[in-house]
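Have a look at this one before I ask anything.
Atoms considered below: every heavy atom in the structure, side chains included; atoms not considered: hydrogens, waters and symmetry mates.
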Amino acid sequence: MGQEFAWSPNHRFRIADGQLDPGSAWRITAAPEPLGVPAWMAGFSTETPPEIIMAVTDVLARTGATIDWTGESHPALQQPTDRRALIRTLADAGWRSTYRDGVLDLEAPDELARVQVRLDPPGDPDDLMAHPHLYVEIGPRGSGGYPPYWQAMVTTNAPAVVVDALTRALTNPTPLQRDRDWMDEELLAHLGHRTEAGPAAASPYTETDLREAAAELCEEALEEVEHLDFVPEWYIVDRVIPSSRSRTPTTWGQLPSEQRALACLLVEDMVIAAAASAPALLDLDLGANLDPRTASRKPTPPLTAALSELPFNISDLKDAAAYAAAAQINGTDLSGIAEALHDRPVGDGTTWTWGSLPTAQHEQALHAIDRLLTGAAARTPELFAPDVRPAPLAIVAPVYLAGPGHDRTAAAKPLTGRGWTTEKQGPTTVYTSPCRRLRAQSTTDDTGTSWTASFNYLLSGEEVWRVTADPRTPPEIVTALHTALAANPSELIRTAGNAEDGLVPIISAGWHDNSTREHLIWDAPGGEMASVYRCTAPAGQMFVGESRAWQISGGSEAEGWTIEMSENIPAPLLEAVTAAMADPAPVARLGRDLTSEHLLCLDVRPLVPKAPPGPSARSLAARTRVGLSQLAPAASRSTAASNPPDQLRQPAR
């Protein structure tokens, strides 16, 4: 199993190299009887200098004038003594000591070495890893959770000759020769060590270079979410929706399929939008990102539920996005860092690329960037702490700039609720009133759903009036039209009356009358992004192609919508449309579906959905797996593509 052992002639001492425990790759055991139960143990991690280990092994083989391997007389098999000599040796070398709760802590003057001695109680004599009697740790404090440069442990029953040898080795001022390529660059820089050729050469990269490289990898990792199918769902499927804890814990994966698909897409949007702010995770300026992505290019999935009834809110989405972003950044392992940065310039790019650095400096840079990425991943909640603009779940006003919305079925409900029959004809659905004289139809294609309503004479089939709404018409306006259409059919089959009576709602709401002798024009207040228009010129003075039909529109020319009504449209239908346009009440929308041209004229606020009751705690406990905070272990991207979502790590590209 890749381990090597060396035994003393009588099998009382054993030195093992390559132990499976990473904290104790070297292990020394001593037993009073050959092949017996160890009386004491000492362990050393892989990077421990061999001189430290040899200080202990030497006292095993060369103690006194002659070698005596009997358990009765060998000094390394005697009963332990007090540790006053250890403490005195360290104190004479300038180490500072503190005592608390039965533990004596000693630290070297340069704060790069620490020794901890358990005095009362002394610790388990057979416990080397968890609570050793003597623990040595080498490396700077506050290394961000990373292991020390090396460590050593000694159990309680180790005799004074062993402990004192270890202590003397720790305080030995004699310099050692080392191959610089095998040394830790950060430690060398901290100590200011010199090579034989003189002062250490300047590093080819700076701390800023490392941070900028890490920021690039963060940004690319977040942007890459769009190109990895179902990645957000992998990350959050077993994660509890925070706002559900007040009822019963619900995970994202337990949502109905259409709600889960929407939630994952919104999380993906937020992660992609956060990519432009990734440098802030490394305490860098954001720079001039001229074209930051704000959302995925994927279309909004169908959703029949009202946005206000979704069982999650914006804070829940932020929590999921922060978790997914952290997992995505943590997914970049050392090999991925090396691959992604290989041909990229270091600093000004005049001398080095990351891949052309000398081996030791290249490895050191990779580890430093890996540590920076881990720190950046821990800070991802900062990316989502501010308000997301526009909010992923929003309420907006005025309605005529809100766009077509997500629910293409809402506009039909006033008709079907009044007993209108439906008939499918390919992409078109025909709705017929109970009196069979009023009809409506919807046609759905890639651009959305367009609507038509009309009144025809029953016997001749001649059309009396017609109204059409294009696919971008807000559904609330079409719904208002259909509500009026289905409410009083008898009023709609008479052509008598003045259609201009239907303008009362916008006149009362303060719309501007910009009419001329030949044209009736009413414009919305403010930016004039909506209007009601009809040509009133005599027939001989009308332009070619112009008609007397009512033209009702909202929004910009490129992203707006239009409703066209016959000249003799019944006033209740025109009034229903104008009343909906003048209604100041905000409507629910997905931020991703709002048109950028309209955002400057929209009042956009976050939506606070009304969450429905969750499942019972008993039924949920039987079928849920909950992960609250711990990120899943790392794996390669190729593994993540074929394995469950707990395999998260992947190399960057």
Checklist entry - Sub-3.5 Å donor-acceptor pair from the side chain of T443 to the main-chain atoms of S450, do we have one? => result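 Not confirmed, T443 side chain does not pair with S450 backbone.
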Checklist entry - Is any side-chain heavy atom of L255 less than 4.5 Å from a side-chain heavy atom of I241? => result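 Answer yes - side chains close enough.
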Checklist outcome for this item: To the nearest 0.5 Å, atom CG of L401 lies from atom CD of E597 at 11.0 Å
Next on the checklist: Contact between L265 and S296 at the side-chain level, heavy atoms closer than 4.5 Å - yes or no?
Outcome noted: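 The answer is yes, as the side chains (C-beta and beyond) meet within the 4.5 Å cut-off.
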Item to check | Within-4.5 Å side-chain heavy-atom neighbours: V267 and V225 | outcome: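 No; the side chains remain at least 4.5 Å from each other.
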Checklist entry - Any donor and acceptor pair, going by atom type alone, linking the side chain of D470 with main-chain N or O of T562 inside 3.5 Å? => result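 Judged by distance alone, yes, a pair lies under 3.5 Å.
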Checklist entry - Without hydrogens or angle criteria, can the side chains of T468 and T452 be said to hold a donor-acceptor pair below 3.5 Å? => result no
Checklist entry - Do Q328 side-chain atoms and A221 backbone N/O form a donor-acceptor pair below 3.5 Å? => result yes
Checklist entry - Can you check whether P256's main-chain N or O pairs, donor with acceptor, with Q259's side chain at less than 3.5 Å? => result no
Next on the checklist: Using modelled atom types and a 3.5 Å cut-off, is there a donor and acceptor pairing between side-chain atoms of R344 and backbone atoms of A340?
Outcome noted: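 Such a contact is found between R344 side chain and A340 backbone.
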Item to check | Basic-acidic side-chain contact under 4.0 Å: E559, R472 | outcome: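 Yes, this pair counts.
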Checklist entry - What pairs of residues pass the ring-ring contact (aromatic ring centres under 6.0 Å, His included) test when at least one of them lies in residues 393-432, not counting sequence neighbours? => result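 As it turns out, the ring-ring contact (aromatic ring centres under 6.0 Å, His included) pairs with a partner in residues 393-432, which skip direct neighbours, are Y400-W511, Y431-W451.
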Item to check | CD/E557: more than 12 non-hydrogen atoms of other groups inside 6.0 Å | outcome: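 Open.
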Item to check | E476/R589 ion pair, N-O < 4.0 Å | outcome: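 A salt bridge links E476 with R589.
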Checklist entry - With no hydrogens and no angle check, is any side-chain donor or acceptor of H598 less than 3.5 Å from a backbone partner on A402? => result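 No, because the side chain of H598 does not come within donor-acceptor range (under 3.5 Å) of the backbone of A402.
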Next on the checklist: Does any part of the side chain of M529, heavy atoms only, come nearer than 4.5 Å to the side chain of L600, both counted from C-beta?
Outcome noted: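 Not touching, per the 4.5 Å side-chain cut-off.
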Checklist entry - Got more than 12 heavy atoms from elsewhere within 6.0 Å of CZ, R439? => result no
Next on the checklist: Which heavy atom of L373 sits nearest to which heavy atom of A214, and what is that distance?
Outcome noted: CD2-O, 3.5 Å
Checklist entry - With distance as the sole criterion, is a donor-acceptor pair present between the side chains of E423 and T432 under 3.5 Å? => result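 Side chains of E423 and T432: no pair found under 3.5 Å.
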Checklist entry - If you measure only the distance, is there a donor-acceptor pair under 3.5 Å linking the side chains of T449 and T444? => result yes
Item to check | Distance-only donor-acceptor check, side chains T251 and Q254, under 3.5 Å | outcome: yes
